[in-house]
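See below for the structure under consideration.
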Number of protein chains: 2
Amino acid sequence: MLELRHLRTLNALHETGSVSLAAERLHLTQSALSHQIRVLQDYYQLSIIQRSGHSVQLTDAGKRLVLLAEKILEDIRVAERDLARITQQAAGSLRIVLECHTCFDWLMPIMDTFRSDWPAVELDLVSGFHSDPVSLLKKGVADVVIGSESQPQSGIVHFPLFCFEILAVLAPGHVLGKKRVLDAMDFSQDMLITYPVPETRIDLIRQVLMPAGVTWQRRTAELTVAILQLVASRRGIAALPGWGIRNYLDYNYVIARRIGANGLWSDLYLSVREDTASLRYLQDFLQTINRVCFATLDGIKPLKEMR
Amino acid sequence: MLELRHLRTLNALHETGSVSLAAERLHLTQSALSHQIRVLQDYYQLSIIQRSGHSVQLTDAGKRLVLLAEKILEDIRVAERDLARITQQAAGSLRIVLECHTCFDWLMPIMDTFRSDWPAVELDLVSGFHSDPVSLLKKGVADVVIGSESQPQSGIVHFPLFCFEILAVLAPGHVLGKKRVLDAMDFSQDMLITYPVPETRIDLIRQVLMPAGVTWQRRTAELTVAILQLVASRRGIAALPGWGIRNYLDYNYVIARRIGANGLWSDLYLSVREDTASLRYLQDFLQTINRVCFATLDGIKPLKEMR
DNA sequence: CAACATATATGAATATTATTCATTGTTAAT
DNA sequence: ATTAACAATGAATAATATTCATATATGTTG
């Protein structure tokens with residue numbers, strides 16, 4: 001019999017176009033999904049996906065079910081917000097600390113959505129830089145930290161968001177563009193352009209340059225566009241998340257290269273106090289981030305569960 | 001996490017107003033439902049039902065979830081019809097034999113619904129009387145029998161519909177109206193008014209009068225209204241399903257009494273050939289009967305699974 | 001074209017969880 | 001007060017979703 005789990009699977013299948021990727025996103029194995037699909041096809045006596053060479057494609061029947069899934073899952077989200085409202089669980093505050101500067105890019109539209117969905121929740125960004133963002137949760141100054149912290153601490157819950165690759169960004173025609181992959185040494189010649197945050201907060205420096213003993217020169221800029229302008233005008237090179245520069249790459253405003261053979265990857269978590277973790281609107285906030293980010297950001301990958 | 005099973009339960013809970021009755025209708029135990037409700041309440045951290053004395057009542061949150069359930073379950077029905085259409089499983093024929101005369105009453109509106117839902121399925125009633133209706137299935141003359149047959153036969157599948165009580169129908173002020181419960185002897189004085197079918201097809205005769213060795217006088221009428229007219233004008237008494245005479249009872253056109261201490265009950269099954277059983281539109285037909293009958297017919301009870 | 005990497009399918013084993021069973025706790029009726 | 005009807009609960013069981021290990025299929029690469 002049809003179950004919501006199947007609809008969630010169909011949805012992921014539709015967005016990823018692959019059983020394995022969909023499985024990862026749902027934190028299940030590829031096998032589990034394969035079995036689910038089989039059950040569905042047996043139940044309805046029709047095929048839902050078609051193997052076209054290497055990946056899979058949804059059949060017309062599959063597409064119809066995806067349509068159903070989208071509708072139903074949205075209806076459920078709406079109903080759950082109503083439930084929260086009915087039981088007085090819809091009011092509160094969500095003061096967010098952003099450890100990752102670029103994250104503004106995807107967080108902005110999500111905040112807009114959230115504000116209209118939860119008008120009674122005060123949504124704010126806690127500005128300024130903080131050496132230990134998670135401590136702000138304990139102090140009660142903030143409610144949510146979006147960052148790379150995942151060390152278990154009593155009273156704190158870390159929800160995994162996703163992991164993404166940080167790419168070196170160069171001006172078109174830059175000599176390093178000839179290389180397919182850059183290494184630590186390649187950063188010793190050019191000016192490194194970063195956000196104005198401490199060195200230890202910059203993954204490239206902490207994970208690549210410092211371990212390799214390479215020295216560097218740095219200048220800062222507040223906004224992503226400013227950094228890209230400097231790079232494009234050959235004032236230096238930068239290291240930014242792949243999804244943050246997609247548009248600029250498409251227009252050949254800048255070019256990007258992998259850092260190190262396996263790439264430089266960064267994990268993103270959403271951390272809250274334990275008492276915040278079970279709030280309906282926090283759960284919805286999380287769900288929205290997951291849904292929207294995986295649907296709109298390129299090249300991000302799911303992260304293992306861990307709290 | 002919320003599952004469709006919970007929504008089906010909420011729905012049944014809403015319609016029956018009782019955990020036990022809802023459980024029966026879903027062919028589950030009362031305990032199973034009780035556990036389901038508990039899980040839901042724990043998950044959402046709110047109460048869905050409230051024990052008001054003996055039975056249960058839905059809270060506002062519960063009512064919101066019922067709304068969700070109705071919407072979602074209807075969406076699924078629509079989608080499943082679309083699936084059938086997409087995969088060419090939406091055309092065929094459904095020639096119905098009605099063993100129980102009164103069943104016209106509830107079948108009519110269901111047939112209307114079905115016709116608009118499945119325009120490519122030829123829906124017909126096979127007229128006339130048949131000593132062995134199920135044999136018509138094997139002969140290929142009919143596709144569905146609605147009757148009391150439930151004996152396992154190879155190649156035939158019996159789906160249980162519901163069971164209902166057959167009541168004695170009297171004119172208001174009839175002397176037998178003084179009794180709370182009638183027995184076989186009470187039928188020996190008055191004219192018995194029935195549909196024009198063989199005696200063995202009349203539950204009152206087969207199960208009450210014949211076993212008791214009572215003799216009776218009988219006259220027939222084609223339509224339920226005609227039978228009721230005769231009863232109301234004191235030409236005799238009848239035995240009809242409770243749900244078939246509800247309106248007439250409400251207006252005091254006739255009165256009804258139980259037959260025997262435990263009442264006279266009749267079981268209704270829908271029988272098809274094995275190859276018909278898995279057809280999507282047959283499944284939908286069954287679902288519709290169940291849904292509509294339990295929602296609109298008074299005093300019917302679920303039947304045990306059996307095929 | 002072989003060898004390999006990648007992606008999906010499948011059967012058996014396992015883990016999870018829904019349901020039942022047996023029982024207790026409530027409430028209403030007689 | 002006693003009983004009947006209904007709901008809740010904990011433990012046992014049954015059902016089934018998921019994983020694991022492996023096979024199969026399809027591109028890719030040297």
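Residue numbers begin at 1 in each chain, while the letters A, B, ... track the order of the sequences. In this text the structure is predicted, and so the values were computed from the model without any measurement.
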Which whole-number value in Å describes the distance from B:Q30 CD to D:dA5 C1'?
-> 11 Å
Option from B:K179, B:R257, B:R258 for which salt bridge (Lys or Arg N to Asp or Glu O under 4.0 Å) with B:D186 holds | B:K179
Distance, nearest 0.5 Å, that separates NE2 of A:H158 from CG of A:L303 | 12.5 Å
Can you measure from CZ (A:R280) to CG (A:L83) and round to the nearest 0.5 angstrom?
-> 8.0 Å
Whole Å only: how far is the CD1 atom of B:I49 from the C1' atom of D:dA7?
-> 8 Å
Nearest-nucleotide comparison on DNA chain C, the residue closer to the 5′ end among B:A32 and A:S31 = A:S31
Which nucleotide sits closest to the side chain of A:R51: D:dG10, D:dT26, D:dT18?
-> D:dT26
Hey, are A:Q89 and A:Y281 close enough side-chain-wise for a donor-acceptor pair under 3.5 Å?
-> no
A:E3 CD to D:dT18 C1', in whole Å, measures 15 Å
Starting from C1' on D:dA17, measure out to NE2 on A:H27 and report it in whole angstrom.
-> 18 Å
Base, sugar-phosphate, or nothing for A:L28, non-hydrogen atoms under 4.0 angstrom?
-> sugar-phosphate
Roughly how many Å is it from CE in B:M1 to P in D:dT18, rounded to a whole number?
-> 12 Å
Could you state the CG-C1' distance from B:L33 to C:dT19, rounded to the nearest angstrom?
-> 11 Å
Nearest-0.5 Å distance, NZ of residue B:K63 to CG of residue B:L67 = 11.5 Å
Find which nucleotide of DNA chain D each of B:R38 and A:T29 is nearest to by heavy atoms, and output the residue with the more 5' nucleotide.
-> B:R38
Quickly work out the B:E24 CD to C:dT19 C1' distance and round it to whole Å.
-> 16 Å
Which of D:dG10, D:dC6, C:dT19 is nearest the side chain of B:Q36? It is C:dT19
hbond_proxy B:S18 side chain to D:dC6 base (donor-acceptor, 3.5 Å cutoff) = no
What is the distance from CG of B:L26 to C1' of C:dA18, rounded to the nearest Å?
-> 14 Å
Got a donor-acceptor pair under 3.5 Å from the side chain of A:S20 to the base of C:dT8?
-> no
Quick one: the side chain of A:H35 and the base of D:dT16, do they pair up donor-acceptor inside 3.5 Å?
-> no
